[in-house]
Structure formats: structure tokens, C-alpha cells
Number of protein chains: 2
Amino acid sequence: MGPKRQPTLDEVAARAGVSRSAASRVINNARHVSQAKRDAVERAVAELGFVPNPTARALATQQVGAVVLALSHHDPAQFTDPFFAQIVLGVNAELEKTELELLLVLADTTQGQARLQRILRSRRADGVMLMALHGDDPLAALADQHDVPVVFGGRPLHAEPRWYVDADNRGGSRLATEHLIGLGRRHIAVITGQMDTEAGTARHRGYLDAMAVAGLDPSRVEHGDFSEAGGAAAMTRLLAAYPEVDAVVAGSDATAAGALRALKAHGRTVPGDVAVIGFDDLLTALHTDPQLTTVHQPVHGLGREMAKMLLSLIAGEEPHPLILPTRLVRRASA
Amino acid sequence: MGPKRQPTLDEVAARAGVSRSAASRVINNARHVSQAKRDAVERAVAELGFVPNPTARALATQQVGAVVLALSHHDPAQFTDPFFAQIVLGVNAELEKTELELLLVLADTTQGQARLQRILRSRRADGVMLMALHGDDPLAALADQHDVPVVFGGRPLHAEPRWYVDADNRGGSRLATEHLIGLGRRHIAVITGQMDTEAGTARHRGYLDAMAVAGLDPSRVEHGDFSEAGGAAAMTRLLAAYPEVDAVVAGSDATAAGALRALKAHGRTVPGDVAVIGFDDLLTALHTDPQLTTVHQPVHGLGREMAKMLLSLIAGEEPHPLILPTRLVRRASA
DNA sequence: GTAGGGCCCGGGAGCGCTTCCAATAACCCT
DNA sequence: AGGGTTATTGGAAGCGCTCCCGGGCCCTAC
């Protein structure tokens with residue numbers, strides 16, 4: 001292990017021959033310090049290798065210098081979805097411009113939720129980003145209870161939080177469905193995501209929108225859970241119930257990948273027999289065979305915007321909720 | 001936003017009619033407090049909704065109550081690999097048993113590295129887990145410079161850190177190669193991972209071990225980068241250079257998936273024409289067609305063991321480095 | 001009867017930093 | 001030259017908690 005204790009501000013001040021206050025002003029480059037003293041302090045800092053102690057600073061300023069990203073999901077495996085990795089990456093990108101640290105809280109278990117509670121109540125962080133809420137998620141209620149700004153990533157099912165960033169799920173799904181209709185498909189099914197999430201229901205509604213406009217039968221529906229396995233299972237049920245199906249809009253790329261697998265297993269060709277459209281446009285969409293036509297949502301941007309919004313909240317501003325656009329990416333599967 | 005300021009320990013003490021010291025003893029359930037006072041304090045805590053301020057506590061105890069998981073990679077996209085998600089999950093599982101928070105540092109950019117430096121020097125965390133080091137990674141050197149315990153996940157290329165958790169990469173890769181040999185394959189190629197990582201070179205050596213024992217030609221090698229795209233590209237080069245190839249051991253599951261894609265594109269069947277073995281046994285191994293025979297490494301366990309080791313280091317113990325076993329998982333691709 | 005030897009208990013000194021404040025010093029203008 | 005700013009200073013009071021210490025008490029043992 002390492003050498004000695006880190007030097008304190010007092011030691012720096014002593015070495016520079018100034019008061020602690022002056023030294024403090026220098027390292028925070030505040031005003032009211034003569035150039036001479038400023039130089040002296042800076043030299044001392046360099047010589048001693050001084051780094052301010054964030055804990056002490058936090059105690060004095062009442063600002064922790066950290067924010068939490070809380071990912072809520074029922075099944076830990078969900079976290080494996082590259083979707084979350086992209087979110088983290090986006091958040092991180094924005095945070096890197098600041099001095100804020102990122103606290104990651106996986107709030108799947110009740111354990112994790114208790115932990116998040118504790119963090120909020122004890123002001124262990126200056127703000128919170130909350131992702132992926134299911135309908136019954138008790139986390140949703142936490143937002144108002146504490147004196148800490150909370151930004152939602154996606155919306156909880158039955159509430160409109162004060163601050164959130166979301167993607168235009170409904171619009172994107174409608175786009176996808178319209179594309180299939182434009183292709184001449186008429187027996188278009190949908191494999192939804194989890195229906196206890198806003199994203200799941202919104203994407204389903206987008207499908208319903210487009211089908212209604214075209215006057216098509218919107219009843220071919222099976223529920224998935226955003227996962228590959230769930231998509232495959234739903235596709236199998238779909239084929240059994242509606243063998244005439246000639247297109248399917250899936251709740252996510254993983255869902256679509258699963259559907260592709262099931263379709264292949266049942267001897268249907270894609271896009272020949274059945275056209276498939278995903279949602280997300282993650283890297284997986286490129287690795288399927290055929291490559292997925294899908295609805296692009298700016299996942300990285302979603303993370304970035306969440307962080308930005310939180311930052312502006314922390315700065316005392318009043319940002320507006322944000323809904324990011326989605327767009328269709330045409331590839332081989334539809 | 002929320003209500004008022006959180007109550008302080010002084011307020012709790014006042015309300016309970018005891019000294020602050022006594023109140024402190026109660027919430028840390030230390031000894032030397034009468035049952036009566038204990039009850040009084042506990043009642044006050046409940047009534048006031050008191051939660052100790054971690055910052056103040058950290059300042060007083062010199063223990064931050066947080067550890068960092070630092071993921072180092074050159075390309076942010078690498079983080080998207082579910083491998084990292086599993087690591088995070090494993091670490092989190094172990095940390096959930098404690099009161100420690102998880103600080104996530106993505107040390108890809110020089111920005112991120114500076115940040116990690118800062119964290120170490122300012123004692124913003126009680127310990128560090130460092131993952132995925134490339135050979136030239138400056139992070140590797142940080143371990144000894146600071147008074148903070150550091151556990152490595154995987155080893156850096158040219159150094160044997162004091163504390164690390166790794167998988168038996170060499171042994172696993174040897175197992176895979178032996179399996180192919182046992183299948184009667186004789187023109188076995190290898191697509192390596194990044195050769196500036198320990199995992200990359202160790203897996204290559206495992207292949208060399210097995211080939212040497214069998215007296216086979218080990219020169220059919222192309223370098224990948226653990227990614228799907230890299231695997232596909234390498235496979236294409238392999239086919240051009242060594243059309244006789246009848247098996248390939250890949251540096252990772254993603255690499256194998258890419259190889260599968262390239263093989264299919266070139267009209268080779270798997271495992272008929274060419275057998276393929278991956279490494280990792282992530283979920284992706286189940287989603288390829290055919291499903292991947294692969295070397296299982298306990299990724300989740302790797303995360304868990306890193307956390308455990310760090311915990312024991314923080315507790316002042318002297319754990320030993322740990323190499324986790326790998327094993328062959330037979331599925332359809334070989 | 002009294003000298004220990006536990007327990008409780010509260011006072012108070014920090015942990016390392018920020019920041020208010022009163023005291024000086026420097027500077028401007030007319 | 002003098003009154004009024006405006007800039008620098010260092011002292012000192014916290015931020016909210018932990019923990020060392022010394023003072024009481026009560027019990028036991030001699």
C-alpha cells in the first residue's frame with residue numbers, strides 16, 4: 001500500500017505562510033486573494049500533493065458531489081440488456097464534464113430499494129436518476145418525499161413525474177406499424193414489452209394508432225417481457241393462434257431477435273413470410289439474421305439528457321420534461 | 001421536492017433527554033447504554049425520522065462507506081458487453097450485504113483516468129476494484145501509490161498484482177481446444193481476443209498448450225478484439241488464409257458469434273464444416289444459431305469474489321489472489 | 001468498612017473543510 | 001488631504017458525527 005496520510009489544508013496554509021481561509025480561497029479560486037499569496041499556495045499545493053478531502057468539503061458545503069443512477073428491475077438479468085449499458089454510458093459522458101461522481105444503485109431487490117431510501121434520506125447524493133419503473137414500483141413515490149431532485153428515465157405507468165426524459169415510444173411504434181402497412185402487410189401482430197411499464201403500453205398504443213388509421217384488425221397480440229426468450233415464446237404462441245400472421249412489431253430488439261429465432265424454428269422466412277420490426281436499435285439489431293429493421297431511440301442520448309436535466313436541477317434551474325424523437329431504421333427484416 | 005431538513009443527532013438526543021454521546025452509542029448499538037436510555041433514543045429516532053448523515057460520519061471515522069468499481073477500456077462500446085453487466089451484478093450482490101455504496105467509474109478516456117486518480121488520492125472511497133486492464137494501462141500502476149486497497153479483476157499484462165481475482169483462462173482455452181481435437185478436428189484455428197490483455201494472451205496460450213500436446217499445427221491464428229464485429233472480420237481473414245480450417249476456438253462468445261455469422265456468409269455449415277467454440281458462456285451463447293459450445297467462466301462469481309476480497313482487505317485481512325475455474329459447456333456448435 | 005472494578009454517562013475535542021465577519025490595507029475621487 | 005470604497009486578511013464558528021476521558025455509581029471482596 002501507499003505512503004503517508006494526505007496533507008491537509010492547514011499544512012498547505014502553513015507551508016505557504018498564509019491563513020487557512022486564504023488557502024481555501026485559492027483552491028476554490030475565489031476572489032480576494034493577492035497574486036502573491038495565490039502563487040505561494042499553489043506552490044505549496046504542488047509540493048505537498050494536496051488534494052482537498054471531499055468528505056470534509058461535503059460536510060461544510062452541504063453538497064455531496066455525487067449523484068445516483070438507480071436502475072429498477074424485477075429480475076437482475078434484465079440489467080444485462082445492453083440498453084442499460086448505453087444509459088450508463090450516456091450518463092457517464094455527461095457527468096465526466098463535471099466533478100460529480102456516479103453512484104450506481106441496482107434497486108431490484110427490496111434490499112436495493114431500502115438502500116435507495118437510505119441514500120435519499122441521508123443526503124448521500126445531490127440528486128437521483130431513476131430508470132425503468134414498473135407500474136407498482138414503490139420507488140416512484142420516493143421522488144416527492146425528499147429534498148433531493150429526482151429525474152425519471154421513462155415515466156412510471158400511472159404518474160407524470162415533474163421531471164423526466166423519455167423516448168417517443170408511441171410515435172416510434174406507430175411509425176413501425178405504418179411501415180409494415182406500407183409494405184402491404186395486412187395481418188400484423190404485435191409482441192408487447194412488459195405491460196406494467198410505460199414503454200410497454202405506449203409502444204402497444206402506437207401500434208393500435210396505426211392499425212386504427214388503416215382500419216386493420218389490431219387484435220393479434222401476445223405479451224413479452226423485452227427479453228429474447230420472452231420474444232421467442234410469444235412468437236410461438238402467435239403462430240399457433242394466428243397462423244396467417246405476415247408481420248410483427250416487437251417490443252424491443254431482443255424481443256424481435258427471439259421472434260426471429262422462433263420464426264426460423266417454425267420454418268417461416270423473414271421477411272418473406274413474415275416481416276419483423278424491432279425497437280431500440282441496439283447493436284444486437286445488427287447481429288441478427290437478417291439484420292433488424294427497427295425503431296431507433298437515442299438510448300445514449302437518453303442517459304445524457306437525464307444527467308443534463310439533473311445537473312440543471314441541482315444548479316437550481318427549472319428544466320422541462322423531455323421526450324426524445326424516435327425514427328425508423330430500415331434494414332433487412334422488413 | 002421535500003419537506004424540511006433532516007434532524008440531527010443533537011436533536012434526537014435533546015428529545016430523548018440524553019447526551020449526544022449516548023445517542024450516538026445507541027444508533028451504533030455500542031455498549032454502555034442503559035436500556036431505558038436506549039429505548040428513549042430509539043423512540044426519538046423513530047419519531048423524528050432520524051437518519052445519520054453519512055458525510056459527517058465519514059469525516060469522523062475516516063471511512064467513506066463506498067467503494068469504486070473502475071472499468072477500463074479503450075472504446076466505450078466495449079462496456080456494452082454483457083460481460084461487464086454481469087460483473088457489476090456480482091459486485092452489487094456482494095455489496096448489498098453491507099452498507100457500502102458502489103461508485104462506478106468508467107475509465108476509458110483520460111478524463112476517466114484522472115477522475116480515478118482523484119478518487120484514490122482524496123480518499124473518496126474505501127477501496128477499489130479495477131477491471132479489464134490493457135497492457136499499457138496506466139491505471140495498473142495506481143494500485144501501490146495510494147493508501148487504498150485495490151483488487152484487480154483479471155490481471156494486467158505485465159504485472160502480478162498483490163490482490164486479484166481471475167478466471168482460469170489458459171486452462172479453459174486448453175479444454176476447448178482439446179475438445180475439438182477429441183472431435184477429430186485437425187485444422188484448428190484460433191481467433192484471439194485483444195493481445196494486449198492478459199485474458200487474450202492466456203487464452204491463446206491455452207490453445208497452444210493443447211495443440212502442442214497433440215502435435216498439431218498451431219499457426220492458424222487471427223486476432224480479434226472480443227467483439228462480434230472483430231470476430232466476423234477475423235473469421236473472414238481466416239477463411240481466406242486457411243480454407244482448410246475445420247474448427248475455431250474463439251476468444252469470446254461475441255467473437256464466436258461473429259465467426260458464426262462470417263462462416264454462414266461464406267457458406268460453411270456449423271458444426272458440419274467448421275466447429276466453433278466460444279468463451280464466457282454469456283446469454284448470447286444461447287441466442288446464436290447453432291447455440292454455442294463454449295467455455296464457462298463464472299463472471300458473476302468473479303464480480304462477487306472481487307467484492308469479497310476487497311471487503312476482507314478493508315477489514316484488515318490478507319486474502320489470497322484467486323483464480324476461478326472454467327469448464328466446457330457442450331452445446332450445438334462443436 | 002473500604003478499596004477496587006466494572007458499568008453508565010456527559011463533556012469536549014476533534015475529523016478537514018467553508019464561510020461569515022470584523023479588522024486592516026490599498027485606492028479612488030474631488 | 002480626507003472621506004468613502006473596495007480588496008485583502010486571519011480568526012473563529014460551524015457542518016454532524018465519533019470517541020476518548022474522567023466522574024459518578026453500585027457491587028463485590030477482603
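Not measured: the values here are computed from a predicted model. Each chain gets a letter, A, B and so on, in the order the sequences are listed, and its residues count up from 1.
Without hydrogens or angle criteria, D126(B) side chain to V64(B) main chain gives a donor-acceptor distance under 3.5 Å. The main-chain N or O of L100(B) is found under 3.5 Å from a side-chain atom of R115(A) such that the two form a donor-acceptor pair. No donor-acceptor pair closer than 3.5 Å links the side chain of R123(B) to the backbone N or O of P54(A). Panel note: side chain Q86(A), backbone F83(A); no donor-acceptor pair is recorded below 3.5 Å.
Comparing dC20(D), dC17(D), dG16(C) by their nearest atom to the side chain of A56(B) picks out dC17(D). With distances taken from any side-chain atom of I27(B) to the nucleotides dT18(D), dT9(D), dG16(C), the minimum falls on dT18(D). For L59(B), taking side-chain heavy atoms from C-beta onward, the closest of the listed nucleotides dC17(C), dG16(D), dC7(C) is dG16(D). The nucleotide whose nearest atom lies closest to any side-chain atom of R25(B) is, among dC21(D), dT18(D), dG16(C), dC21(D). Taking only side-chain atoms of K37(B), from C-beta outward, the nucleotide of dT18(C), dT8(D), dC9(C) with the closest atom is dC9(C). Comparing dG10(C), dT18(C), dT8(D) against the side chain of T61(A) picks out dT18(C) as the nearest. Picking from dA7(D), dC17(C), dC17(D) the nucleotide with the shortest atom distance to the side chain of H32(A) gives dA7(D).
Taking 3.5 Å as the limit, the base of dT8(D) and the side chain of R31(A) contain no donor-acceptor pair of atoms between them.
In this structure, I27(A) CD1 and R38(A) CZ are separated by 11.5 Å, a value rounded to the nearest 0.5 Å.
OP1 or OP2 of dC9(C) has at least one side-chain nitrogen or oxygen of S34(B) nearer than 4.0 Å. Q62(A) has a side-chain polar atom (N or O) that falls below the 4.0 Å cut-off from OP1 or OP2 of dG16(D). Checking the phosphate oxygens (OP1, OP2) of dG16(D), no side-chain nitrogen or oxygen of T8(B) falls inside 4.0 Å. Note on N53(A): every side-chain N or O is 4.0 Å or more away from OP1 and OP2 of dC15(C).
One interatomic measurement links the two molecules: CD of Q6(B) to C1' of dC17(D), which rounds to 15 Å at whole-angstrom precision. Atom CZ of F50(B) and atom C1' of dG16(D) are 8 Å apart (whole Å). Taking atom CZ on R38(A) and atom P on dA7(D), their separation rounds to 14 Å, with Å as the unit. The interatomic distance linking R124(A) (CZ) with dG16(D) (C1') rounds to 14 Å, in whole Å. Atom CG of D39(A) is separated from atom P of dT8(D) by 13 Å (rounded to the nearest Å). Distance R57(B) CZ to dG16(D) P: 15 Å, rounded to the nearest Å. Atom CZ of R20(A) and atom P of dT19(C) are 13 Å apart (whole Å). Between the P atom of dC15(C) and the CG atom of L9(B) lies a distance of 19 Å, rounded to the nearest Å.
Within the 4.0 angstrom heavy-atom criterion, base atoms lie near S21(A). As judged by a 4.0 angstrom heavy-atom cut-off over every strand, S24(A) is placed among the base-contacting residues.
Residue D39(A) is tested with R43(A), Q35(A), K37(A) for a side chain to side chain donor-acceptor pair (under 3.5 Å); the sole match is Q35(A).
Nucleotides of DNA chain C nearest to V33(B) and A60(B) differ in position, and the one nearer the 5' end is that of V33(B).
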